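Remember, predicted model here, so these are calculated numbers, not experimental data. Sequence positions, counted from 1, serve as the residue numbers for this chain.
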Amino acid sequence: MNKVTTLGQFIIERQSDFPYAKGELSRLLRDIGIAAKIVNREVNKAGLVDILGEHGSINIQGETVKKLDVYANEQFIAALSAGGETCAVASEENEELVQIDTAVSKNAKYIVCVDPLDGSSNIDVNVAIGTIFSIYRRTSFGGTVEEKDYLQRGTEQVAAGYIIYGSSTMLVYTTGKGVNGFTLDPSIGEFCLSHPNMKCPKSGKIYSINEGNYVHFPDGVKQFIKYCQVEDSASSRPYSSRYIGSLVADFHRNLLKGGIFVYPSTLKSPKGKLRLLYECNPLAFIIEQAGGKASDGFRRILDVQPSSLHQRTPLFIGSADMVTVAEEYMMRYSSVEAS
Ligand code: AHM
Ligand code: MG
């Protein structure tokens, strides 16, 4: 029988990668794994909404049925608060930073940024959705968390990961020593190591972009799309177009198979749609650890200095060679936007 390594075992084994670590980060990652299992249980019941009750109605236990993204947010914040390692959470669902009660978090070293349930338009239609998280070390000492604690560059992340609730549920994470993926075995309720040392192919045959917005794209993106669609056997073009509309799902597929995901600036959203702190930075950290690349079209995502909690950024992410070509098109045709 093959040896099964659970997420919990793996995290403990890897603790020795950080000789001065006291186990706090390991405990934090374990707490995220627990919240993920709880959210997974609810996501799996989403199709039963007609039986269990509409959002806002009272269910059989007398509780109000919550929207799944609100529920996921509460679960992650509850798990992180109870764990005692997190002093503040920046969440897509909360306008302001959530400060954890200092009674439980007085020695807490970490700030967590989270998109508790990404791909909201896919929740009700049985299409893969996800959670994205990013962990930073607090830089101030004691008391209220300061802006400089959560507005750190992506290069300062100590860990990042995502959970994909799909045909199976997976948790993928990095602490800066490679990327590892764990698949939830529902029969034992454990995430088991299924994708050790994940690597993104240098190039792929897939491009992922919401082409419905084509007329609003910058010229560099329009030219890059044309490049993807032109016939060229040496580079396996034309590429296939695949767009799920759940960032985690599109990213996960391209990570495994090779490909590029693009969410550029548009006339409607001049800064792009996706959020730097809890969508782009964590995935950028993961893709770089897997040998890929993440850019805003002109510069490395991880180098962007954030100036606000819910800051948006254009995103070009995936196989290194494909992102480099997209950047070349951006620089050649959209140089005005860079300035
Ligand atoms: P959300 O946080 O409201 O779910 O929005 C983020 C999602 C991403 O998962 C996905 O890549 C993108 O929005 C899809 O946007 P669009 O429908 O504009 O293509
Ligand atoms: Mg989101």
Side-chain angles (χ1 to χ4, degrees), residues 7 10 29 32-33 35-37 39-40 43-44 46 69 72 92 113-123 125-134 154 157 159-175 178-186 191-210 239-263 273-275 278-295 301 315-320 322-323:
L7 176 66
F10 185 87
L29 289 167
I32 288 174
K37 283 192 242 177
V39 171
N40 177 64
V43 167
N44 283 337
D69 38 12
E92 175 164 352
C113 302
V114 65
D115 184 354
L117 212 55
D118 183 63
S120 36
S121 63
N122 284 324
I123 293 176
V125 291
N126 218 347
V127 171
I129 47 184
T131 296
I132 314 173
F133 63 90
S134 164
Q157 290 172 98
Y162 62 85
I163 298 113
I164 176 167
Y165 311 98
S167 46
S168 60
T169 295
M170 273 191 78
L171 186 150
V172 174
Y173 84 99
T174 182
T175 53
V179 181
N180 292 284
F182 301 79
T183 302
L184 183 64
D185 179 342
F191 283 105
C192 301
L193 181 62
S194 52
H195 296 62
N197 197 19
M198 296 168 84
K199 291 287 171 213
C200 180
K202 255 177 107 309
S203 195
K205 298 177 191 160
I206 294 172
Y207 73 104
S208 320
I209 186 167
N210 184 346
Y239 297 147
S240 288
S241 167
R242 294 279 183 277
Y243 191 75
I244 297 169
S246 281
L247 175 61
V248 169
D250 279 309
F251 175 85
H252 183 70
R253 182 203 52 236
N254 292 357
L255 169 62
L256 294 177
K257 294 192 166 182
I260 181 170
F261 172 93
V262 181
Y263 206 111
K273 175 183 182 188
L274 302 174
R275 315 295 184 139
Y278 41 79
E279 292 181 320
C280 301
N281 267 340
L283 298 185
F285 189 19
I286 292 168
I287 204 75
E288 286 198 5
Q289 284 294 313
K293 205 169 160 180
S295 164
I301 286 286
L315 179 66
F316 298 71
I317 192 165
S319 293
M322 298 172 94
V323 174

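- Side-chain contact between F251 and I164 is absent, with no heavy-atom pair separated by less than 4.5 Å.
- Using a 4.5 Å heavy-atom cutoff, the side chains of T175 and L29 are in contact.
- Here the closest heavy-atom approach between residue A249 and residue A128 is recorded as CB-CB, 3.9 Å.
- A 4.5 Å side-chain heavy-atom check between H195 and L256 finds at least one atom pair inside the cut-off.
- The backbone N or O of L117 lies less than 3.5 Å from no partner atom in the side chain of T131, so there is not a single donor-acceptor pair.
- For K205, the NZ atom counts as loosely surrounded, since its 6.0 Å shell holds 12 or fewer non-hydrogen atoms of other residues, nucleotides or ligands.
- Partner Y173 forms a side-chain contact (heavy atoms from CB on, under 4.5 Å) with one of F285, Y162, F191, F182 and no other, that one being F182.
- Under the 3.5 Å distance criterion, the side-chain polar atoms of N180 are matched with a main-chain donor or acceptor of N197.
- Scanning all heavy atoms of the two residues, the minimum distance from L171 to G33 falls at CD1-CA, 4.1 Å.
- Between the side chain of D115 and the backbone N or O of Y278 there is no donor-acceptor pair closer than 3.5 Å.
- Remark: the backbone N or O of I206 is not paired with any side-chain donor or acceptor of S240 at under 3.5 angstrom.
- Side chain of Q157 to backbone of N281: a donor-acceptor contact under 3.5 angstrom is found.
- Nearest heavy atoms, C280 versus L274: SG-CB, 3.7 Å.
- Nearest heavy atoms, T183 versus S168: CG2-OG, 3.9 Å.
- Listed by chain and number, the residues in a salt bridge (charged side-chain N to carboxylate O under 4.0 Å, His left out) with K199 amount to none (sequence neighbours excluded).
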Is there a side chain to side chain contact (heavy atoms under 4.5 Å, CB included) between L184 and K37? Walk through the geometry before answering.
CA-CA 8 Å; L184 183 64; K37 283 192 242 177; 4.0 Å; yes

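- Side-chain contact check for S208 versus R253: some heavy-atom pair is nearer than 4.5 Å.
- Side-chain contact of S120 with D69: a donor-acceptor pair under 3.5 Å is absent, judged by distance alone.
- For S134 (side chain) and P282 (main-chain N/O), no donor-acceptor pair under 3.5 Å exists by modelled atom type.
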Show the numbers, then the answer: is there a side chain to side chain contact (heavy atoms under 4.5 Å, CB included) between F261 and Y243?
CA-CA 9 Å; F261 172 93; Y243 191 75; 3.7 Å; yes

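- Between I317 atom CD1 and L247 atom CG the span is 7.5 Å, to the nearest 0.5 Å.
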